[in-house]
Amino acid sequence: MLSKAKWIGGLAEWHVDDVCYLSIAFTWKLDEAYARAVFAKALGKKVVAGGPALFLVKMQHELSEIAEIGREYPDALSRHNPNATIASRGCPVGCWFCIVPAMEGREFTLLPDFPVRPILCDNNLSALPADYQDYIVSRYRETGTKLLDANSGFEPITFTEEVYRRWKGLLNEGRGPWRFAYDETKEGDEVRRVMTMLKSEPASRKRVYVLIGNEPFKECMQRIKEVIAAGCEPHVQPYIKLNALYREPHVRFDWTLQKLKDVARWANGYVWRSAEFAEYDRHRRNVAPEQYNEQEGLFV
């Protein structure tokens with residue numbers, strides 16, 4: 001069933017006649033993509049590869065030696081999850097740790113003929129022109145499609161009462177979470193304003209992405225605690241370089257690799273509900289290891 005569709009983990013493969021298509025979301029999936037390409041070539045197939053991971057052409061990955069790179073494939077996103085769609089590309093914010101502005105631009109490209117599906121993956125819904133936000137909502141209404149998840153979420157600086165009212169009915173009907181990010185301490189005022197605006201929403205439906213490792217431990221932990229204190233649920237994401245060939249956090253400031261992993265597991269495993277991070281013991285049997293959630297498309 002479509003409602004049970006899952007994210008496949010960052011590497012999609014499909015075949016049309018004698019062509020093997022590969023769509024790679026994460027750079028640490030490039031080696032696996034290369035192995036699949038070699039196998040397809042051995043079967044006599046042509047290989048076409050694309051996706052965000054290959055946008056970083058300066059990496060010169062060996063995949064480019066056996067595959068045609070850079071060709072766009074219509075609705076490749078649905079190959080990662082048939083429930084997923086996107087109504088616009090680009091983002092005007094320009095976060096230094098995000099690939100979207102470089103790959104899709106800092107001006108929006110609107111896609112009014114987008115297929116309406118339960119998971120909406122636009123990069124910055126609240127910054128879109130108001131009339132286009134209304135248009136997206138109307139498409140969901142007209143087709144009777146429930147919005148189960150606004151996957152990339154809303155930007156605190158552009159999240160207003162008007163935006164909240166516009167999306168509230170649609171998200172609440174689909175029971176979709178309110179997603180936004182608290183990536184840097186300097187965003188505190190705007191994030192706190194949004195958390196106050198959403199105070200009546202259930203905690204389980206207020207998912208705040210918290211980037212860690214990009215600031216010292218104290219600042220990152222303070223952001224996590226603020227999210228919890230405001231009645232929201234943090235989803236902690238250690239900073240990984242955009243061109244990383246292994247899914248390994250980048251260590252900076254007073255962090256260690258182990259501490260980055262421990263904080264993520266403490267937060268994403270909801271251990272914070274019963275213990276402070278200082279009391280966290282990674283060796284306890286009841287502490288679950290990091291796992292990939294196929295429904296959310298996130299590591300938890």
Side-chain angles (χ1 to χ4, degrees), residues 1-2 4-91 95 97-124 136 149 151-152 240-248 292-299:
M1 294 175 59
L2 189 62
K4 299 294 184 181
K6 300 176 181 180
W7 290 98
I8 62 170
L11 173 56
E13 176 182 349
W14 66 99
H15 299 257
V16 179
D17 298 326
D18 62 345
V19 181
C20 169
Y21 292 93
L22 297 170
S23 176
I24 310 107
F26 307 123
T27 48
W28 55 84
K29 285 286 187 178
L30 284 169
D31 287 348
E32 182 184 346
Y34 176 76
R36 294 196 191 188
V38 169
F39 182 73
K41 278 284 191 179
L43 296 177
K45 296 203 171 192
K46 177 182 177 181
V47 180
V48 176
L54 285 164
F55 174 75
L56 301 166
V57 292
K58 58 186 176 183
M59 292 177 59
Q60 294 298 312
H61 193 272
E62 58 187 342
L63 180 60
S64 63
E65 298 173 5
I66 61 172
E68 179 184 329
I69 306 296
R71 184 168 149 191
E72 291 190 10
Y73 190 93
D75 202 20
L77 177 62
S78 66
R79 302 289 179 166
H80 290 265
N81 187 330
N83 260 353
T85 190
I86 189 165
S88 67
R89 295 195 179 278
C91 177
C95 297
F97 46 81
C98 180
I99 194 175
V100 171
M103 185 173 69
E104 299 183 1
R106 294 187 64 167
E107 293 185 2
F108 286 119
T109 298
L110 307 183
L111 309 172
D113 296 326
F114 73 97
V116 183
R117 299 183 185 126
I119 300 175
L120 184 60
C121 297
D122 292 51
N123 301 303
N124 191 341
I136 295 172
D149 195 359
N151 189 264
S152 291
I240 299 177
K241 286 186 174 182
L242 288 175
N243 62 353
L245 288 179
Y246 302 96
R247 203 182 68 80
E248 196 87 331
Y292 181 75
N293 185 318
E294 295 172 324
Q295 298 288 354
E296 294 264 357
L298 298 168
F299 286 93

Run the ring pair (Phe, Tyr, Trp, His ring centres under 6.0 Å) test against Phe108 and tell me which residues pass, sequence neighbours left out.
none
Taken to the nearest 0.5 Å, the spacing of Lys29 NZ from Ile8 CD1 works out to 8.5 Å
For Glu104 and Thr109, what are the C-alpha separation, side-chain angles and deciding distance, and is it a side-chain contact (heavy atoms from CB on, under 4.5 Å)?
CA-CA 8 Å; Glu104 299 183 1; Thr109 298; over 6 Å; no
Provide the closest heavy-atom pair for Pro52 versus Met103 in the form atom of the first, atom of the second, distance.
CA-SD, 3.6 Å
Where do Cys121 and Ile86 come nearest, in terms of heavy atoms and distance?
O-CD1, 3.9 Å
Report all side-chain donor-acceptor pairs from residues 35-46 shorter than 3.5 Å, counting only partners two or more places apart or in another chain.
residue, atom, partner, partner atom, Å
Arg36, NH1, Glu13, OE1, 3.1
Arg36, NH2, Glu32, OE2, 2.8
Lys45, NZ, His15, ND1, 3.1
Lys46, NZ, Glu68, OE1, 3.1

Kindly compute the distance separating CG (Asn83) from CZ (Arg117), expressed to the nearest 0.5 Å.
8.5 Å
Candidate list Cys91, Ser88, Cys98, Pro101, test side chain to side chain contact (heavy atoms under 4.5 Å, CB included), partner Asn123, passing option
Cys91
Output for pair (Leu120 CG, Thr85 OG1), nearest 0.5 Å, gives 7.0 Å
Taken to the nearest 0.5 Å, the spacing of Ile24 CD1 from Ile69 CD1 works out to 6.5 Å
In terms of heavy-atom contacts, Ala244 and Ile240 come closest through CB-CG2, 3.6 Å
With under 30° as parallel and over 60° as perpendicular, where do the rings of His61 and Tyr34 fit, or are they tilted in between?
perpendicular
Any donor-acceptor N/O pair, Asp122 side chain to Ala87 backbone, under 3.5 Å
yes
Leu245 and Leu30, any side-chain heavy atoms less than 4.5 Å apart:
yes
If you measure from CZ on Arg247 to OG1 on Thr27, what distance do you get to the nearest 0.5 Å?
11.0 Å
Start with the C-alpha gap between Arg79 and Tyr73, add the side-chain angles, then the distance that decides, and say whether side-chain contact (heavy atoms from CB on, under 4.5 Å) holds.
CA-CA 10 Å; Arg79 302 289 179 166; Tyr73 190 93; 3.6 Å; yes
If I take atom CD1 from residue Ile119 and atom CG from residue Asn81, how far apart are they, to the nearest 0.5 angstrom?
4.5 Å
